[in-house]
Amino acid sequence: MDIARTPSTADGNPELADAAIQPQSPPTILREDYAPFPWLVPTTRLEFALGLEKTRVTATLDVERNPDAEPSPTIRLNGDGLELVSLECDGGECDGHTMDGDDLVVTLPGDKHTLTIVTELDPSANSQLMGLYASGGMLCTQCEAEGFRRITFFPDRPDVLSTYTVRMDASEEQFPVLLANGNRTGSGKSENGMHWAVWHDPWPKPSYLFALVAGDLVARKDSFTTKSGKEVDLAIWVRDGDLQRTEHAMESLKRSMEWDEKVFGREYDLDVFNIVAVSDFNMGAMENKGLNVFNTKYVLADADTATDGDFDAVQGVIAHEYFHNWSGNRVTCRDWFQLSLKEGFTVLRDQLFSQDMGSAPVKRIEDVRILRSVQFPEDSGPLAHPIRPDSYREISNFYTATVYNKGAEIIRMMRSMAGETRFREGTDLYFERHDGEAATCEDFIVAMEDGAGLDLTQFRLWYSQAGTPKVSVKTALEGSTAVVELTQDVPATPGQDEKQPMPIPLRIALFDRETGAHRGEKLIVLDEARARFTFDGFDAEPVLSINRGFTAPVRIERDIPREDLAFLAAKDDDPFARYEALQDLVVGHLVEAVGGGLSGTDRDSARQAIAEAVRAILADETLDDQMRGELLMLPSQTYLAEQMLVADPGRIFEEREGLKAWLGDKLASEFNALYERAAAADGGRTAQASGARKVKTLALSYLAASDPKRAEKLASDQYDSADTMTDRQGALMVLSGLEGAARTDRLAAFYERYRDNPLAVDKWFAIQASSLHPDVLDQVKALADHPDFTLRNPNRVRSLYMAFAGTAQGFHAESGEGYRMIADLILALDPINPQTAARFVPPLGRWRRMEPKRAALMKEQLERIAEAPKLSRDTYEQVTRSLG
Ligand SMILES: [Zn+2]
């Protein structure tokens with residue numbers, strides 16, 4: 001393949017690259033410009049003559065005028081780097097056609113026509129992994145958001161729904177398995193070792209849900225009987241040799257199908273459900289109707305190669321894609337501005353599923369942790385956007401934590417306000433009303449108002465205003481009345497200077513200091529800039545527990561005495577609130593310490609209070625280890641940086657690691673005892689066993705900070721005797737941050753053991769790239785030259801560089817070398833895979849929130865990228881937005 005290929009802005013078309021239309025400023029697309037497409041495409045027939053280097057596509061489209069749209073004498077068929085071999089209208093010549101950029105515009109005089117379009121592709125040259133591409137000898141597709149236009153000319157927009165029939169012809173030896181959407185309606189052998197298959201999907205769908213897979217694959221097969229008694233054949237297709245790692249994925253699929261029937265009343269609607277695992281994949285997985293295509297990372301799992309976290313991730317992603325069958329496929333999006341309609345809702349659905357499958361409080365804490373360390377920084381930076389954006393240049397850049405995770409939080413708020421039963425009435429109405437349609441976020445809101453009985457007039461602001469609201473809390477006792485005074489402030493974000501107050505539902509409880517009990521939870525809704533809530537009958541001022549269960553995605557700011565936080569950390573009966581109190585205790589101290597405003601005695605007393613709280617958690621027998629592990633985790637480097645107007649990553653790292661070492665030392669005997677207990681626990685895949693593994697590695701990380709020699713010994717022993725990837729990876733993570741032979745030996749041993757397993761080799765790269773080792777920068781540089789490193793595989797690129805972009809001592813090294821490395825990566829990757837390249841821009845985009853020296857170095861690198869000729873639309877948009 002050719003690295004120096006024309007980048008995607010030019011769409012592989014040399015004419016376009018040289019034209020005066022300046023690939024550097026791609027057009028901005030506005031939500032308000034939406035207009036229905038002038039043509040309907042009721043049926044689409046696709047014939048593929050498949051080959052790795054040459055695939056010929058014959059597309060036959062029946063088109064007719066859309067009575068609900070402004071009439072047009074032409075039809076615009078989107079293309080992206082396509083070569084038109086031939087075009088026919090109604091079996092003969094067309095009245096006229098022109099190319100407009102990469103699009104094909106055809107003149108259509110009548111009301112109904114049949115278009116036949118032939119294109120030719122080279123899947124082996126498709127390094128963007130969008131459209132039809134080759135991956136390890138097989139062929140597969142990725143069409144969301146705009147990949148279908150890289151296969152054939154088509155109105156490639158989600159509101160054009162069509163019924164697809166797909167025929168594939170291929171060499172039987174090379175591609176024994178031929179899959180597409182829907183049900184298989186025919187297959188057979190032809191001459192010269194060729195064979196064919198026809199698939200028909202009875203459900204009209206947009207082009208982004210089209211999929212095809214051809215390859216030498218084997219399947220784990222199973223079946224599921226739906227609630228109305230329909231038998232569905234299930235299959236998970238992988239390479240020979242990976243079959244024994246698919247059991248967990250299959251079990252997860254069956255659990256998802258059952259759960260969606262029970263909790264959302266959604267039943268599956270085809271005779272077959274296929275999942276295919278692919279190693280080269282930009283995203284996690286894709287919900288193509290009846291044929292989900294997955295990154296191998298989210299399918300393959302066994303104890304030897306996957307951690308407990310990987311098992312959970314497989315279950316979550318399998319569920320997510322399956323749930324899209326209704327929230328995404330049966331009801332799809334009108335346009336890409338509505339992406340959160342399917343993603344926010346489906347993320348919420350997969351979160352609720354995972355809550356039900358394991359520990360609900362632990363899952364909630366994990367989800368909030370992700371929101372805070374990924375979405376909050378997005379919301380306070382140059383790339384901030386509402387969950388329903390108003391404009392974009394490249395839609396791939398809006399597959400963000402805001403659209404997904406904050407989108408889920410916003411629907412979760414509706415659920416909190418309506419209650420579970422009424423929420424379900426709302427979702428039932430939504431599915432019933434919009435089944436078979438391309439809908440909008442507004443349609444969802446109206447269904448919630450009508451079905452769940454909510455008034456969401458003001459709540460709509462959550463869809464249009466970006467930024468994480470800040471809620472300031474003051475409490476007082478007036479006579480026997482407890483007063484809670486709340487003020488909200490939605491910060492200005494790019495393009496949105498003025499904000500209006502939003503309804504913020506907060507679950508609260510007031511604790512009696514003496515008894516440690518409260519009189520029941522209440523849900524209050526703050527819907528003005530400032531409001532007072534009063535509660536009668538208190539002799540003494542109660543302790544306020546607020547935003548219990550994290551009912552609203554906001555920051556809470558309050559002046560609360562350390563004793564009260566310690567009280568909540570020990571006594572709160574809401575697990576999330578308890579976790580939060582402990583985090584606040586630590587965050588409060590670290591922010592102060594980093595700011596330099598702490599005397600020696602203040603530091604000691606703050607650390608002492610934290611140590612007491614941690615000691616209580618270590619001793620609390622009512623906690624299970626899963627929860628204990630959550631409580632023992634210190635707030636992340638990024639979350640801490642988020643708490644400061646101007647961050648100094650070096651200082652944060654120093655103080656955070658300093659606290660860890662101090663706690664490890666102070667509580668050495670407790671951590672040692674915890675380690676020994678956990679190390680002696682039973683193995684297996686029970687919640688208890690995985691909880692033990694979780695606290696074991698956490699204890700080890702505290703000991704590593706305080707007593708590296710002892711930790712080195714423990715971690716080496718843990719590595720040598722490990723019978724799960726969780727233990728092996730945990731030990732190696734600790735060792736990779738230390739000096740010495742134990743580190744080098746175990747890293748070499750891990751590589752030897754797993755060198756033929758790409759997902760495990762990804763871990764090997766990531767462990768080193770994210771390590772606490774002071775030389776991480778040079779190590780990453782050396783790893784980039786490792787024979788197993790390649791820019792062609794997104795998992796591999798992320799495992800090295802995304803892990804690195806989170807390190808304080810590497811990425812944020814004072815010399816600026818870390819920033820330069822990421823900028824070099826972006827420039828090298830952009831021509832190969834612009835979508836993945838653009839995902840590395842946000843870490844540099846945080847420059848405005850950094851101390852001046854680092855800020856200047858980061859900005860310099862962004863400017864260097866911006867000046868590069870022929871940047872992709874993806875990277876160009878992210879870099880210019882980041883520079884502001
Ligand atoms: Zn999704």
Side-chain angles (χ1 to χ4, degrees), residues 24-25 373-374 376-385 397 467 491-495 497 590-591 593-597 636-657 769-770 772 774-781 784 800-830 837-869 871-872 874-884:
Q24 287 286 20
S25 38
S373 54
V374 186
F376 277 22
E378 203 166 87
D379 234 355
S380 69
L383 302 174
H385 53 277
N397 289 330
T493 47
D497 293 338
L590 287 176
V591 168
V594 170
S636 70
Q637 171 92 18
T638 34
Y639 181 59
L640 287 165
E642 236 348 78
Q643 308 308 305
M644 302 167 197
L645 262 182
V646 174
D648 180 338
R651 287 281 303 128
I652 297 173
F653 181 73
E654 232 171 84
E655 286 293 343
R656 188 176 176 277
E657 288 304 307
S770 61
L772 295 174
D775 299 336
V776 64
L777 217 147
D778 291 332
Q779 290 161 358
V780 168
K781 229 184 273 173
L800 183 62
Y801 287 106
M802 211 44 109
F804 172 72
T807 55
Q809 81 289 20
F811 177 60
H812 288 296
E814 269 184 293
S815 62
E817 214 182 330
Y819 305 144
R820 196 157 50 239
M821 270 169 69
I822 292 296
D824 286 344
L825 166 74
I826 293 169
L827 289 170
L829 189 56
D830 194 56
R839 295 199 164 253
F840 285 90
V841 177
L844 287 171
R846 303 288 302 149
W847 63 277
R848 275 197 187 79
R849 297 285 299 272
M850 292 294 152
E851 52 85 15
K853 201 165 157 253
R854 286 185 175 86
L857 292 165
M858 292 166 96
K859 188 165 175 247
E860 192 185 310
Q861 294 307 320
L862 285 170
E863 284 163 350
R864 180 161 74 93
I865 302 169
E867 280 161 18
L871 269 191
S872 71
D874 311 58
T875 300
Y876 175 80
E877 178 179 38
Q878 294 301 71
V879 170
T880 46
R881 279 166 77 207
S882 298
L883 285 167

Open item on the list: Consider side-chain hydrogen bond (donor to acceptor under 3.5 Å, both in side chains). Of Arg881, Glu877, Arg839, which one does Asn397 pass it with?
Closed with: Glu877

- [ ] Measure the shortest side-chain to side-chain distance between Leu857 and Trp847 over non-hydrogen atoms and say whether it is less than 4.5 angstrom.
- [x] no

Task: Pairwise distance CE(Met850) to CE(Met644) - rounded to 0.5 angstrom - done: 10.5 Å

Task: Contact summary for Ser373 and Ser636, nearest pair of heavy atoms - done: CB-OG, 3.8 Å

Open item on the list: Within the 4.5 Å heavy-atom criterion, are Asp648 and Arg854 side-chain neighbours or not?
Closed with: yes

- [ ] Look only at the side chain of Gln637 and the backbone of Pro649, and say whether a donor-acceptor pair between them is shorter than 3.5 Å.
- [x] yes

Open item on the list: If you define the side chain from C-beta out and look only at heavy atoms, does anything of Val841 sit under 4.5 Å from Leu383?
Closed with: no

TODO: Scan Glu851, Glu378, Glu642 and name whichever one has a salt bridge (charged side-chain N to carboxylate O under 4.0 Å, His left out) with Arg846.
DONE: Glu642

TODO: Please step through salt bridge (charged side-chain N to carboxylate O under 4.0 Å, His left out) for the pair Glu860 and Arg864, ending with a clear verdict.
DONE: CA-CA 6 Å; Glu860 192 185 310; Arg864 180 161 74 93; over 6 Å; no

Task: Interatomic distance, Leu829 atom CG to Asp824 atom CG [nearest 0.5 angstrom] - done: 12.0 Å

Open item on the list: For a 4.5 angstrom cut-off between non-hydrogen side-chain atoms, does His812 reach Met858?
Closed with: yes

Task: From NZ (Lys781) to CG (Asp775), nearest 0.5 Å - done: 10.5 Å

- [ ] Please round to the nearest 0.5 Å and tell me the distance separating atom CG of Leu590 and atom CD1 of Ile652.
- [x] 9.0 Å

Open item on the list: Once rounded to the nearest 0.5 Å, what's the spacing between atom CD1 of Ile865 and atom CG of Asp830?
Closed with: 9.0 Å

TODO: Without swapping roles, check the side chain of Gln878 against the backbone of Asp874 for a donor-acceptor pair under 3.5 Å.
DONE: no

- [ ] Flag the pair Phe811 / Val776 as yes when at least one side-chain heavy-atom distance between them is below 4.5 Å, and no otherwise.
- [x] no

